[in-house]
> 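If you scroll down you'll find the structure; I have some questions about it.
These numbers come from a predicted model, not from an experiment.
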Amino acid sequence: MADSNEMTINLVVLGRTQTGKSAAGNSLLGSSDFESRRSPSSVTTCCSLGRSCRISGIIRRNGCEVALRVRVLDTPSYPHSSLSKEQVRDAVRSALARHFGEEGLHLALVVLRADLPLCADERDHTIQFIQELLGPTWKDFTAVLLTHADKAEETAFTEEAYLHSASSTLLSLLSSVQHKYIFLDNQKSIIKEERATVLRKLLNFIRQNNYQVLLLKHSKE
């Protein structure tokens, strides 16, 4: 973020198979960089970095418009249909250090399906996995993306009603990350205005964390 007329945010998407993780990454980039399709097995098998073009009209500083660039690291799911937890963890850890080692990570986005319940074991395994990747300050650098929000809307759930009816397991996860969450519709290509809204919310999360970055070094522990 050395250029005062341009800002880059570094994001990593994490989640289980078929949560819409890669599709969410494409929505954030406004592209189709990451393969995303329905499959009986995990589609993403290696980490991949996508970069957006310059995005205007999102952020202003000192009365002047600042162009935004978004970099998203897509990752294999955990649990994975063909990779062990250790293989996924080591691959993600190495990719984070390689791509964001100097600039740092702004946010890890945990992708969950809004139309499926979150069980306590899944929450605990997710938190443990993120802690292993990001360390003790993981809560400051983690937000939740609730995908397939259109499915919840089909059952007449507004965002407020959804959260009111959500399980204590999901609510405790949202509370642990200081209620940093975003609803996202993965069933259709995100339109420009919706993408701008999502990016502004992410920037607000980053701003709340005083624009800090998490510096990651490769370790084979």
Side-chain angles (χ1 to χ4, degrees), residues 1-2 6-16 19 21 24-25 27-29 47 49-52 58-59 61 66 68-78 85 88-112 114 118 120 122-147 159 163 166-184 197-219 221:
M1 291 188 290
E6 184 173 293
M7 177 180 181
T8 298
I9 57 173
N10 296 325
L11 312 170
V12 59
V13 286
L14 306 167
R16 297 174 67 92
T19 55
K21 175 173 52 62
S27 294
L28 294 169
L29 294 172
C47 297
L49 184 70
R51 300 174 176 84
S52 75
I58 302 292
I59 185 172
R61 280 185 171 177
V66 177
L68 179 67
R69 290 187 186 272
V70 181
R71 300 203 302 164
V72 177
L73 181 67
D74 190 25
T75 64
S77 60
Y78 167 72
K85 174 186 176 181
V88 174
R89 181 196 62 202
D90 292 347
V92 176
R93 185 180 286 167
S94 177
L96 284 169
R98 183 168 67 254
H99 295 298
F100 300 150
E102 294 183 4
E103 299 94 341
L105 177 71
H106 289 94
L107 277 176
L109 304 176
V110 179
V111 182
L112 302 173
L118 178 68
E122 181 182 349
R123 177 203 58 194
D124 294 344
H125 290 155
T126 298
I127 289 176
Q128 181 185 9
F129 186 67
I130 297 171
Q131 286 177 323
E132 291 178 11
L133 285 174
L134 306 185
T137 61
W138 69 274
K139 296 179 182 179
D140 296 329
F141 297 93
T142 300
V144 173
L145 279 184
L146 292 160
T147 59
E159 181 176 328
L163 293 173
S167 68
S168 59
T169 303
L170 176 58
L171 293 177
S172 69
L173 175 59
L174 297 181
S175 178
S176 69
V177 297
Q178 297 106 47
H179 301 284
K180 298 192 296 288
Y181 65 86
I182 295 173
F183 285 89
L184 190 64
T197 298
V198 170
L199 291 176
R200 288 191 184 101
K201 288 180 179 179
L202 291 176
L203 285 167
N204 188 49
F205 298 156
I206 294 168
R207 188 180 301 113
Q208 290 173 8
N209 200 28
N210 298 314
Y211 296 99
Q212 294 184 85
V213 293
L214 183 64
L215 298 175
L216 300 135
K217 295 181 179 180
H218 181 50
S219 171
E221 294 179 355

> Does the side chain of R98 reach to within under 4.5 Å of the side chain of L49, using non-hydrogen atoms?
no
> Out of curiosity, F205 CZ to I182 CD1, how far, rounded to the nearest 0.5 Å?
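Spacing of CZ (F205) from CD1 (I182) equals 4.5 Å.
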> With I9 as reference, evaluate V72, V213, L68 under the side-chain contact (heavy atoms from CB on, under 4.5 Å) test and give the passing residue.
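Considering V72, V213, L68, a side-chain contact (heavy atoms from CB on, under 4.5 Å) with I9 is found only for L68.
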> If only atom types and distance count, is the side chain of E103 paired as donor or acceptor with the main-chain N or O of F100 below 3.5 Å?
no
> Checking T147 side chain against T19 main chain: does a donor-acceptor pair fall under 3.5 Å?
yes
> When you measure from the side chain of R71 to the backbone N and O of H99, does any donor-acceptor pair fall under 3.5 Å?
yes
> Before giving the answer on side chain to side chain contact (heavy atoms under 4.5 Å, CB included), spell out for L214 and W138 the whole-Å C-alpha distance, their side-chain angles and the decisive distance to 0.1 Å.
CA-CA 9 Å; L214 183 64; W138 69 274; over 6 Å; no
> Using a 4.5 Å cut-off on heavy atoms from C-beta on, say whether the side chain of D140 contacts that of Q178.
yes
> T142 side chain to K139 main-chain N or O, any donor-acceptor pair under 3.5 Å?
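It does not hold such a pair.
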> Within 45 degrees of the axis of the six-membered ring of Y211 and under 6.0 Å from its centre: does R61 put its NZ or CZ there?
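Flagged: R61 positioned over aromatic ring of Y211.
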> Within the 4.5 Å heavy-atom criterion, are L14 and V12 side-chain neighbours or not?
yes
> With a 4.5 Å cut-off on side-chain heavy atoms, are L170 and L174 touching?
yes
> Test side chain to side chain contact (heavy atoms under 4.5 Å, CB included) on V88 and F129; report intermediate values, then the result.
CA-CA 10 Å; V88 174; F129 186 67; 3.7 Å; yes
> Hey, could you give me the CG/NE2 distance between L173 and H179, rounded to the nearest 0.5 Å?
10.5 Å
> Go through the steps to decide whether L145 and V110 satisfy the test side chain to side chain contact (heavy atoms under 4.5 Å, CB included), and finish with yes or no.
CA-CA 6 Å; L145 279 184; V110 179; over 6 Å; no
> At their closest point, which heavy atom of L105 faces which heavy atom of F141, and how far apart are they?
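L105 and F141 have their closest heavy atoms at O-CD2, 3.8 Å.
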> Just how far is it from atom CG of L112 to atom CG of L184, taken to the nearest 0.5 Å?
12.5 Å
> Are any of the side-chain heavy atoms of I58 and R200 separated by less than 4.5 Å?
yes
> Over all heavy atoms of both residues, which pair between G101 and L215 is shortest? Give the atoms and the distance, please.
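Scanning both residues, the minimum pair turns out to be O-CD2, 4.1 Å.
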> Please round to the nearest 0.5 Å and tell me the distance separating atom OH of Y181 and atom CG of L171.
9.5 Å
> For S52 and L29, work out which heavy atoms get closest and say how close.
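Shortest heavy-atom contact: N-CD2, 3.6 Å.
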> Mind checking what makes side-chain contact (heavy atoms from CB on, under 4.5 Å) contact with E132, not counting sequence neighbours?
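With neighbours one apart ignored, the set is K85, R89, R93, Q128.
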> Considering only heavy atoms from C-beta outward, does the side chain of L11 approach that of L28 to under 4.5 Å?
yes
> If we check side-chain contact (heavy atoms from CB on, under 4.5 Å) with L202, which of these qualifies: L109, T197, V70?
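Exactly one pass, corresponding to L109.
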> Just so I know, are the side chains of R69 and M7 near enough to count as touching, which here means a heavy-atom distance under 4.5 Å?
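Result no, sub-4.5 Å side-chain heavy-atom pair not found.
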> To the nearest 0.5 Å, what is the distance between OG (S167) and CG (L118)?
6.0 Å
> Look at the side chain of T75 and the backbone N and O of V13, then say whether any donor-acceptor pair between them is shorter than 3.5 Å.
yes
> Got a donor-acceptor contact below 3.5 angstrom from the N10 side chain to the G104 backbone?
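Judged by distance alone, yes, a pair lies under 3.5 Å.
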> Using atom types as modelled and distance alone, determine if a side-chain donor or acceptor of K201 lies under 3.5 Å from a backbone N or O of V198.
no
> Could you tell me which residues satisfy side chain to side chain donor-acceptor pair (under 3.5 Å) with S172, sequence neighbours excluded, listed by chain and number?
R123
> State the CD-OG1 distance between Q212 and T137, to the nearest 0.5 angstrom.
8.5 Å
